[in-house]
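In what follows, a single structure is set out as structure tokens and then discussed.
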Amino acid sequence: MSTSSPRKDPADPRLRITVRRGDITVQDTDAIVNAANSALAGGGGVDGAIHAAAGPELSAACRELRRTVLPRGLPVGQAVATTGGRLPARWVIHTVGPNRHAGQTDPALLASCFTSSLDVAAELGAHSVAFPAVSAGIFGWDVEEVARIAVDAVRGWRAAPQTGEATPAQATPRQDDVGIAEVRFVLFGAAEESAFRRAAGE
Ligand code: AR6
């Protein structure tokens, strides 16, 4: 079962925040965000699910990024785009959440995952983006905290892409001024869904 409840976000009337229970790999948004690791090597959780559903083109794109623009990996809090491979989404935007188990407890790092991903999405020309609960699984953050940080970060983000920051992306960037119309949080479990609905004020 998946439910959706669109609402206009007070901070930016052009940007709708929606919360949905379901599997992020089947979302029809232009881009989906992956809770990746710095090596972009695939893994468990949502990362494993996205790699499995996208197929080998995604792993090849990640390897190419490591070989070229990210030889030292993707830093925590940053984001980078690849093809979506076989996914319905055209792009996967990989971000690395802070790992609480490794002592990474700074909320700003987690907020940066969401804003950096939106910057990349805007640069690509995506109009809709789906996010999982980054860092709320293997990386050990409390989902209530993740939900608050995520919603605040999206509300605080402004649609204009940041200038002067080259973002490595394998897909060809497309500049337009339509901007991102929908940010969809896609949660696997009921508790996660409730946390995000509360954070979004539903
Ligand atoms: N759709 C939506 N949400 C999902 C899905 C799915 N298909 N699968 C899991 N979730 P996690 P992290 C939820 O562990 O904490 C990987 O090994 C899950 O229930 O995927 O950022 C990476 O390679 C949870 O609420 O990401 C990294 O090494 C949320 O997604 C590390 O795990 C995030 O859980 C990243 O850990």
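Whatever order the structure lists them in is the order used to number ligands and atoms, beginning at 1. For the single chain, residues carry numbers from 1 onward in sequence order.
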Looking at R86 and E57, would you say the former's side chain and the latter's main chain have a donor-acceptor pair under 3.5 Å? no
Whether the side chain of N37 engages the backbone of G42 through a donor-acceptor N/O pair (distance < 3.5 Å, no angle test) should be reported. yes
Could you tell me whether some N/O pair between [X] and ligand 1 is separated by less than 3.5 angstrom?
X: L187; result: no
X: I138; result: yes
X: V134; result: no
X: E192; result: no
X: N37; result: yes
X: F139; result: yes
X: A36; result: no

Counting each atom of ligand 1 from 1 as listed, which ones have a heavy atom of [X] under 4.0 Å away?
X: G22; value: 1 (N), 2 (C)
X: A133; value: 25 (O), 29 (C), 33 (C)
X: A35; value: 21 (O), 22 (C), 26 (O), 35 (C)

Give me each pair satisfying ring-ring contact (aromatic ring centres under 6.0 Å, His included) with a member in residues 39-88, each pair once, sequence neighbours excluded. none
For the atom pair [atom1] ([X]) and [atom2] ([Y]), what is the distance rounded to the nearest 0.5 Å?
X: E64; Y: L70; atom1: CD; atom2: CG; answer: 11.0 Å
X: F131; Y: I17; atom1: CZ; atom2: CD1; answer: 10.0 Å
X: D119; Y: I180; atom1: CG; atom2: CD1; answer: 8.5 Å

Is A136 near ligand 1, meaning one of its heavy atoms is under 4.0 Å from it? yes
Considering non-hydrogen atoms of the protein only, which is the closest contact for atom 21 (O) of ligand 1, and what is the distance? S135 N, 2.8 Å
When you measure from atom 16 (C) of ligand 1 to every protein heavy atom, which one gives the shortest distance, and what is it? G44 O, 3.5 Å
Remaining members of L87's ILVMFWY cluster at a side-chain heavy-atom cut-off under 4.5 Å? I24, I32, V46, I50, L58, V92, V186
Could you walk me through whether E145 and R148 satisfy the salt bridge (Lys or Arg N to Asp or Glu O under 4.0 Å) test, starting with their C-alpha distance in whole Å, then the side-chain angles of each, then the deciding distance to 0.1 Å, before giving a yes or no? CA-CA 5 Å; E145 197 176 0; R148 278 194 305 272; 5.5 Å; no
With a 4.0 Å cut-off, strictly under, does atom 18 (C) of ligand 1 pick up any protein heavy atom? no
Per atom 10 (N) of ligand 1, closest listed option by heavy atom (F185, F188, F196): F188
Does the side chain of T29 come under 3.5 Å of the side chain of E182 through a donor N or O and an acceptor N or O? no
